[in-house]
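The next block holds one structure in the form of structure tokens; read it before the comments.
On a predicted model such as this, the values are computed, not experimentally measured, just so you know. Note on naming: letters A, B, ... go to the chains in the order of the sequence lines (proteins, then strands), and numbering restarts at 1 for each one.
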Amino acid sequence: MDNIVQKVKTEITKMVINSIEEAKKNGLLNIEDIPSIEIEEPKEKQFGDLSINTAMVMAKSAKMSPRKIAEIIKDGLKLEGTMIEKVEIAGPGFMNFYLNDDYNVEALMLIKKKGIDYGRVNIGNGKKVQVEFVSANPTGPMHMGNARGGALGDALSSILDYAGYDVTREFYINDAGNQIEKFGLSLEARYLQLLGQDVEVPEGGYHGDDIIERAKEFLELYGDKYKDADPEDRRKALVQYGLKKNIEKLKDDLEAYGIEYDVWFSENTLHESGEVESVINELKEKGYTYEKDEALWFKETLFGAEKDDVLVRANGYPTYLASDIAYHKNKFVKRGFDWVIDIWGADHHGHVAPMKGAMKALGIDPNKLDVLLMQLVRLMKGKEVVKMSKRTGKMVTLRDLIDEVGKDAARFFFNMRSADSAVDFDMDLAVEQSNENPVFYVQYAHARICSILRQLKDDGINTEDLKDVDLRLLNEEAEIDLIKKLAYLPEEITIAAKTMAPHRITRYILDVASLFHTFYNSCRVRGVDEELMKARIVLIDATRIVIKNVLDMLKITAPEKM
RNA sequence: GCGCCCGUAGCUCAGUUGGAUAGAGCGUUUGACUACGAAUCAAAAGGCCACGGGUUCGAAUCCUGUCGGGCGCACCA
């Protein structure tokens, strides 16, 4: 059993059901069905470790007061051999369960035994899940939104991996379509400018300095070879060079941010392989399309969308929607993913219904596709909103963020917030306050533990293969609180995976760090009675393991010194 | 106008399936280093959970209306 919280919940469920059935048999309770036992964790310590509201739920059908029912259930509970110390009835009819020492001992043993694998659970059963995230346009550098998407997608991927899924991280390269045209025209303009010609970057083109850089590099490589070439060939050569270079940079920047993809998927290959064309034909044959104004439309409204959209433009080119449908068919049908998660900025939310509709139209269960929308990042300088402009190409890039704020702080920051909350990112503040960033609080806890363990080793004390440790000696409040939090990691992973909420893990590890610091300030490890010291070594080492595992999951450094 | 997301302490934000006295960090105030790292800890102050109605034993959470903010509603992606 990987998840001790689940284990004790199962124990409670079983004993409660047994007790109710027993009471029914003895005529103490008169009910038809036993409600499902919902176990929750009370916020208040005075209400025990786990509690159920079963008696309150049963009150109506049993025609008895909740407290009376609770009494009957409680009397029938067999606590021997379980991890429950005692049960109390409180408030309107809650039954509060208190955990005993066995629970704490078992939790610590499990962490020690599992080590770097502690926290892993198997709710995924090896199901193939793909997480597609960032997928920034390869026409320029990545911005703060990509930084958020990267932190979110990568953390979610790790969590699903820990939860027992077979995870594929994927980056979709939009190397086809309109913006590539614009990219080519922009590069061409800069190239010709460098050759002394009086041309301008076209309307809606890319004005950033990076375009000028690419053009310069291209000029160095090929000189004026393309000056008088056929414009189409010229743009093709420029685009080919620019894309290659930009994609390399995307990879470099993302790697510096701690992200490594399993698959870089090129949109262009979908056109070349004929998959786009074939999926358009499939929709056509199924009768889900019609022609209007010389364009081919997809009847999305049949599948719950608000309006129909164009699949093939009047000029014969397929839209992004057509390639995206082909892409998702490729994910499900050709590559056989059981579950696909796309992480998109909230500005793309209108795209969700069309995609789900298309899945339905293709006979793919749309529930296998989850789109995680994250609200946008607004860049601030103090109280001022920093406008990012495509026209002027002025923006703060992911690379700037890594250089100025640091990978660890940035990833932690983005993963502290739920995807649903819009964030204001104050660059000045982030740099200025980086020393009191929460990430250091967690890293500091880790470094502190390593420091203690180092010194113990210097004292000649074995900290790794401790024998005959009596973990029951750990009964200070600070110790118990810490152990219980550590025991919760597998459950936390489970919930984070089910709710696709990486920020839970970040919050969790902050709690762990906080409880450790409290422990540190009230209990000593070195210099106490040897038996107690041994038990505490096990505790802090378990804490170290938990922090390390979670930071690894978030791809944040776990320093031994800082 | 229609759709999606949001509105919780001075600020930034948590709050899984509806639960008991709504939490944390920052900031403010007051304490704690002659013993393992003070990047830490302990304590205090701070709230009509935007507002009104409803559902029920019980609502920050679900439904509905209003107000305020963000984002969509292209033959761009």
Check: protein-nucleotides 55-57 of chain B nitrogen or oxygen pairs below 3.5 Å:
{"from": "B:rC57", "atom 1": "OP1", "to": "A:K60", "atom 2": "NZ", "distance (Å)": "3.0"}

Is there side-chain contact between A:L29 and A:M64, with heavy atoms separated by less than 4.5 Å? yes
How does each nucleotide of nucleotides 72-77 of chain B score, in 5' to 3' order, for protein heavy atoms under 4.0 Å: base (B), sugar-phosphate only (S), or none (-)? SS-BSB
According to salt bridge (Lys or Arg N to Asp or Glu O under 4.0 Å), who are the partners of A:E41, at least two apart in sequence or on a separate chain? A:K9
Using the salt bridge (Lys or Arg N to Asp or Glu O under 4.0 Å) rule, collect all pairs that involve residues 49-58 of chain A, keeping only residues at least two apart or in two chains. A:D49-A:K484
Given the structure, check if the side chain of A:S522 and the base of B:rA42 hold any donor-acceptor pair shorter than 3.5 Å. no
Give a yes/no verdict on a cation-pi contact between A:K299 and A:Y288, requiring under 6.0 Å between NZ or CZ and the six-membered ring centre and an angle within 45° of the axis. no
Stretch residues 445-462 of chain A: residues that reach within less than 4.0 Å of RNA chain B through a heavy atom: A:A447, A:R448, A:S451, A:I452, A:Q455
Rounded to whole Å, the CZ-P distance (A:R378 to B:rC6) equals 17 Å
Sugar-phosphate, base or nothing in reach of A:E41, heavy atoms under 4.0 Å: base
Using a cutoff of under 3.5 Å, can you pull out all pairs of nitrogen or oxygen atoms linking the protein to nucleotides 10-14 of chain B, with atom names and distances?
{"from": "B:rU12", "atom 1": "O2'", "to": "A:R417", "atom 2": "NH2", "distance (Å)": "2.5"}
{"from": "B:rC13", "atom 1": "OP1", "to": "A:A422", "atom 2": "O", "distance (Å)": "3.4"}
{"from": "B:rC13", "atom 1": "O2'", "to": "A:R507", "atom 2": "NH2", "distance (Å)": "2.4"}
{"from": "B:rA14", "atom 1": "OP1", "to": "A:S418", "atom 2": "N", "distance (Å)": "2.7"}
{"from": "B:rA14", "atom 1": "OP1", "to": "A:S418", "atom 2": "OG", "distance (Å)": "3.1"}
{"from": "B:rA14", "atom 1": "OP1", "to": "A:S421", "atom 2": "OG", "distance (Å)": "3.2"}

Distance, rounded to the nearest Å, where A:E300 contributes CD and B:rG3 contributes C1': 14 Å
Rounded to whole Å, CG of A:N96 lies from C1' of B:rG19 at a distance of 11 Å
Once pairs are restricted to Watson-Crick or G-U wobble with both distances under 3.5 Å, how does RNA chain B read as a dot-bracket string, [ ] for crossings and | for other-strand pairs? (((((((..((((.....[...)))).(((((.......))))).....(((((..]....))))))))))))....
Residues pairing under salt bridge (Lys or Arg N to Asp or Glu O under 4.0 Å) where one sits in residues 406-431 of chain A, two or more places apart or in two chains, turn out to be A:D154-A:R411, A:R378-A:D424, A:K381-A:D428
Separation of A:Q46 atom CD from B:rA20 atom P, in whole Å? 11 Å
Salt bridge (Lys or Arg N to Asp or Glu O under 4.0 Å) partners of A:E477, counting only residues at least two apart: A:K45
Have a look at A:K182 and say if it touches a base, only the backbone sugar-phosphate, or nothing, with a 4.0 Å heavy-atom cut-off. nothing
Identify all side-chain donor-acceptor contacts of residues 531-542 of chain A below 3.5 Å with residues at least two apart in sequence or on another chain.
{"from": "A:K534", "atom 1": "NZ", "to": "A:K467", "atom 2": "O", "distance (Å)": "3.3"}
{"from": "A:R536", "atom 1": "NE", "to": "A:E479", "atom 2": "OE2", "distance (Å)": "2.5"}
{"from": "A:R536", "atom 1": "NH1", "to": "A:R524", "atom 2": "O", "distance (Å)": "2.7"}
{"from": "A:R536", "atom 1": "NH2", "to": "A:E479", "atom 2": "OE2", "distance (Å)": "3.0"}
{"from": "A:D541", "atom 1": "OD1", "to": "A:R544", "atom 2": "NE", "distance (Å)": "2.7"}
{"from": "A:D541", "atom 1": "OD1", "to": "A:R544", "atom 2": "NH2", "distance (Å)": "3.0"}

Without decimals, in angstroms, what is the distance between A:L372 CG and B:rC4 P? 18 Å
Give A:Y520 one of three labels, base, sugar-phosphate or nothing, depending on what nucleic acid heavy atoms sit under 4.0 Å from its own. base
Geometric class of the A:Y172/A:Y327 ring pair [parallel <30°, tilted 30-60°, perpendicular >60°]: parallel
Please give, in whole Å, the distance from B:rG15 P to A:I505 CD1? 13 Å
On a whole-Å scale, what distance lies between the P atoms belonging to B:rA9 and B:rG23? 14 Å
With rounding to whole Å, what would you report as the distance between B:rC49 and B:rG31 at their P atoms? 34 Å
Return the value, rounded to whole Å, for the distance between atom NE2 of A:H517 and atom C1' of B:rG37. 10 Å
Which atom pairs link the protein and nucleotides 29-34 of chain B when you take only N or O atoms and keep those under 3.5 Å?
none

Do the charged groups of A:K485 and A:D511 touch, with an N to O distance under 4.0 Å? yes
Salt bridge (Lys or Arg N to Asp or Glu O under 4.0 Å) partners for A:E170, two or more places apart: A:R335
